[in-house]
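See below for the structure under consideration.
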2 protein chains.
Amino acid sequence: MKRVTVKDLAKHLLLSTSTVSRALLNDKNIHWETKKKVLQAAKELGYRRNSAAASLKYGRSKNIGFVVPEMVTPFSSKVLRGIQEILYPLGYRVIITECDEDPLRERENLLLLEEFNVDGIIINLCDESKNHDVYQQLLDRGIPLVFFDRMPNDSLNVSKVLVDNFLYASAVTEHLVSKGRKRIAHIMGPPSLRNSQDRAKGYKEVMDKHGISDPALIIEAKGLGFEDGKNAVKTLMEKQIEFDAIFAFTDTLAIGAMNYLLEQGVKIPQEVSVASFSGTELSTMVYPQLSSVEPPLVQMGEEAARLMLEKIKNFDVACREILLDAELKIRSSSSF
Amino acid sequence: MKRVTVKDLAKHLLLSTSTVSRALLNDKNIHWETKKKVLQAAKELGYRRNSAAASLKYGRSKNIGFVVPEMVTPFSSKVLRGIQEILYPLGYRVIITECDEDPLRERENLLLLEEFNVDGIIINLCDESKNHDVYQQLLDRGIPLVFFDRMPNDSLNVSKVLVDNFLYASAVTEHLVSKGRKRIAHIMGPPSLRNSQDRAKGYKEVMDKHGISDPALIIEAKGLGFEDGKNAVKTLMEKQIEFDAIFAFTDTLAIGAMNYLLEQGVKIPQEVSVASFSGTELSTMVYPQLSSVEPPLVQMGEEAARLMLEKIKNFDVACREILLDAELKIRSSSSF
DNA sequence: CAAAATTTTGGGAGCGTTCCCAGCGCGATA
DNA sequence: TATCGCGCTGGGAACGCTCCCAAAATTTTG
């Protein structure tokens, strides 16, 4: 019933706790035979280290916090994969918290993670201008932060992993234009995210360049859900704004939009082409498959994890910003 | 830079650590004014409790482990929501681990969680016959387990939350039959899951009842991914097995199947109806929207969390098995 | 006003690890 | 033989917190 402790092992083997501990920690100052015996006994008695005690003593917990807006979409899950890929083998654990796009909840989660003694936090924030005091507080306490995908709006002493939103948004728009589309609507994300603004900027520049801009074509989604995408298109149609293509902030929005269009009997891509940004598996699961800019999510996680390890090793190492290449995947929703 | 501890607070306020601790823990044996002062100072100095130390002393960690095959699909995410809904307000944290449908990884995760001192583990297993020794070991150590959705094949002293697979599988099949379908194919899940078998049984019974059974119509998916669904249908078509409906083990499989059919120019639902089990948001995101048996996932999580709390309070309380009602959502993929 | 009851505070052990410091045995060197 | 170095082991403090026990301060009772 009770947990087996180092002390129990020591008593059982007639050794001191120090020696047992040394064996368990793979210390070199121990006879190989003793070590073998200890490991053997540990296995037999089912010893499991009490990481609370270890982390108390050691000062570090080997826990990394992961703070994301949501885990319902595969986006964060993929990033998490990458993170675990790197951190798992090194004995780190990842504690995941969702904030449901609510800055207040994000705040709570961050504080919880601090209490939890995490060695660092990898975060995709939900509002670029909120919670800066907490970020700073964590940094002041020596807890490194690594941001991915979405960035805080002013300069914090943190490392970052991101893709060039402007660049790829331009590319998507350019692609739609190249297919002969002129009335390209943009379902924009919340303005509290730089990503939204940057993607909108990329879109706008290309539209301007071709002289086909029209403010009426830009519609701001109320949120980031499937329904929000639906509603956005619905609004466009109700306002009788003509369009022959849609570029959506995320694939979830795009898919919502597509769904509404198909319900209305609109043909995709013949009548309306659709494309999005930050595509995930979802893009390939819908029909027609959705064209999208796909950031290398797993790699994003890996890089974030590596940056974190750097920071854990030495908190004062210079911050780095890693810009990843994304891929514009052209699928049936925009090619005909 | 350094963390503020109880001792620091005590020194600062000229009080004893006991008193400070009492204030922080909302103990009744303390003057309200002192308490106020302590809380005030704690806030000012930015005190955060060291949960490692607390859990070491207290013996409990207020951590619950969550072990699932994957988090890429919204299935587990929804359940997690329910769990957090209940546990969050009570000061519990949830540690999430994915095993990627790999029993070995599940094993590692379980052991990791034990080391982590979790007060209990809520689990959706990935192979009903593996890892029983670990389950038992955890139970022996007084760590309660609560299973949801997928169950271990023999009797462990655990609580469970599930839906009636047989019943609802029958219902789906019956629904397809009622639409005049006679060649209903079943994309079955891995036989290492009772769910697969039960759903297949439900399907089979209805098919038998109507005298339209044909073993050729049952195809076992290689895995549980989108591609596996595609491949299953591909195989069926390559084998020239005629079918006018598909009942798939999960929505991911169904969506893969739909995708392949649509690619082949098959009309859904006119030529082939599609329906699935354990549907999530995904079912409504595809076009045509997918008919599916939808278990109340959030509620499933809530019930699991409640069962867990019961067990944490008293490990020896009788185990309970909660059977939830699901809902057969008929959508366009099977109605015309 | 003393004694008892009650409220409020302080001292300090102990949770399970890790790790520094010291000690032991033993062979090599002087 | 005395000294040193080396490999290994044991003792015990410390991490930050909680909680038992006892002491002090305060109020109530006879």
Side-chain angles (χ1 to χ4, degrees), chain A residues 1-39 41-42 45-63 91 114-119 141-143, chain B residues 1-39 41-42 45-63 91 114-119 141-143:
Chain A
M1 183 82 185
K2 225 186 121 274
R3 272 179 88 110
V4 181
T5 72
V6 172
K7 225 187 251 171
D8 296 333
L9 281 181
K11 209 183 296 173
H12 179 253
L13 292 162
L14 302 175
L15 284 170
S16 72
T17 58
S18 324
T19 307
V20 173
S21 173
R22 263 187 290 260
L24 263 18
L25 291 177
N26 223 348
D27 193 296
K28 57 188 176 306
N29 295 316
I30 189 174
H31 196 87
W32 63 273
E33 252 176 339
T34 340
K35 179 152 97 186
K36 213 174 106 187
K37 256 188 282 181
V38 173
L39 294 180
L45 302 189
Y47 168 79
R48 302 252 87 218
R49 164 183 123 124
N50 182 331
S51 66
S55 118
L56 175 60
K57 172 66 197 176
Y58 190 60
R60 297 194 161 185
S61 62
K62 286 239 170 190
N63 295 331
E114 182 189 357
E115 181 171 307
F116 212 76
N117 248 340
V118 291
D119 295 341
R141 299 264 166 92
I143 300 176
Chain B
M1 184 84 184
K2 222 184 123 279
R3 273 180 87 112
V4 180
T5 72
V6 171
K7 221 186 253 172
D8 296 333
L9 281 180
K11 208 182 297 172
H12 179 253
L13 291 161
L14 303 175
L15 285 170
S16 72
T17 58
S18 328
T19 307
V20 174
S21 173
R22 263 187 288 261
L24 262 17
L25 291 176
N26 222 349
D27 193 295
K28 58 188 175 303
N29 295 317
I30 188 173
H31 197 87
W32 63 273
E33 252 175 338
T34 343
K35 178 151 98 188
K36 212 175 106 190
K37 255 186 280 179
V38 172
L39 294 180
L45 302 188
Y47 169 79
R48 304 250 87 218
R49 158 186 128 122
N50 181 332
S51 66
S55 115
L56 175 59
K57 173 66 196 172
Y58 190 59
R60 300 195 158 183
S61 63
K62 286 241 170 187
N63 294 332
E114 183 190 357
E115 181 171 307
F116 211 77
N117 248 341
V118 291
D119 295 341
R141 298 266 167 90
I143 300 177

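These numbers were taken from a predicted model, which means no experiment stands behind them. Proteins get letters first, then strands, A, B, ... in listed order; numbering begins at 1 in each.
- Listed by chain and residue number, B:Ser16 satisfy the side-chain hydrogen bond (donor to acceptor under 3.5 Å, both in side chains) test with B:Thr19 (two or more places apart in sequence, or in another chain).
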Below 3.5 Å, can you tabulate the donor-acceptor pairs from side chains in residues 20-28 of chain A to any protein atom, sequence neighbours excluded?
| residue | atom | partner | partner atom | Å |
| --- | --- | --- | --- | --- |
| A:Asn26 | OD1 | A:Lys35 | NZ | 2.9 |
| A:Asp27 | OD1 | A:Asn29 | N | 2.7 |

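- Residues satisfying the side-chain hydrogen bond (donor to acceptor under 3.5 Å, both in side chains) criterion with B:Asn117, sequence neighbours excluded, are A:Arg3, A:Asn50.
- With sequence neighbours excluded, no residue satisfies side-chain contact (heavy atoms from CB on, under 4.5 Å) with A:Lys11.
- Listed by first then second residue, pairs satisfying salt bridge (Lys or Arg N to Asp or Glu O under 4.0 Å) with a partner in residues 47-57 of chain B read A:Glu115-B:Arg48, A:Glu115-B:Arg49, not counting sequence neighbours.
- Every residue meeting the side-chain contact (heavy atoms from CB on, under 4.5 Å) condition with A:Asp8, not counting sequence neighbours, appears here in chain and number order: A:Lys2, A:Val4, A:Thr5.
- Not counting sequence neighbours, B:Thr17 has no partner by the side-chain hydrogen bond (donor to acceptor under 3.5 Å, both in side chains) test.
- Shown here is B:Lys62, whose NZ atom has more than 12 heavy atoms of other residues, nucleotides or ligands within 6.0 Å.
- Bending across the helix from C:dC1-D:dG30 to C:dA30-D:dT1, expressed as the angle between its end axes from five pairs apiece, amounts to 60° (10° rounding).
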Return a single string for nucleotides 8-19 of chain D, one symbol per nucleotide in 5' to 3' order, where B is base contact, S is sugar-phosphate-only contact and - is none, cutoff 4.0 angstrom on heavy atoms.
SBBBB-BBBBBB
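- As a whole-Å value, the separation of A:Lys11 NZ from C:dG16 C1' is 13 Å.
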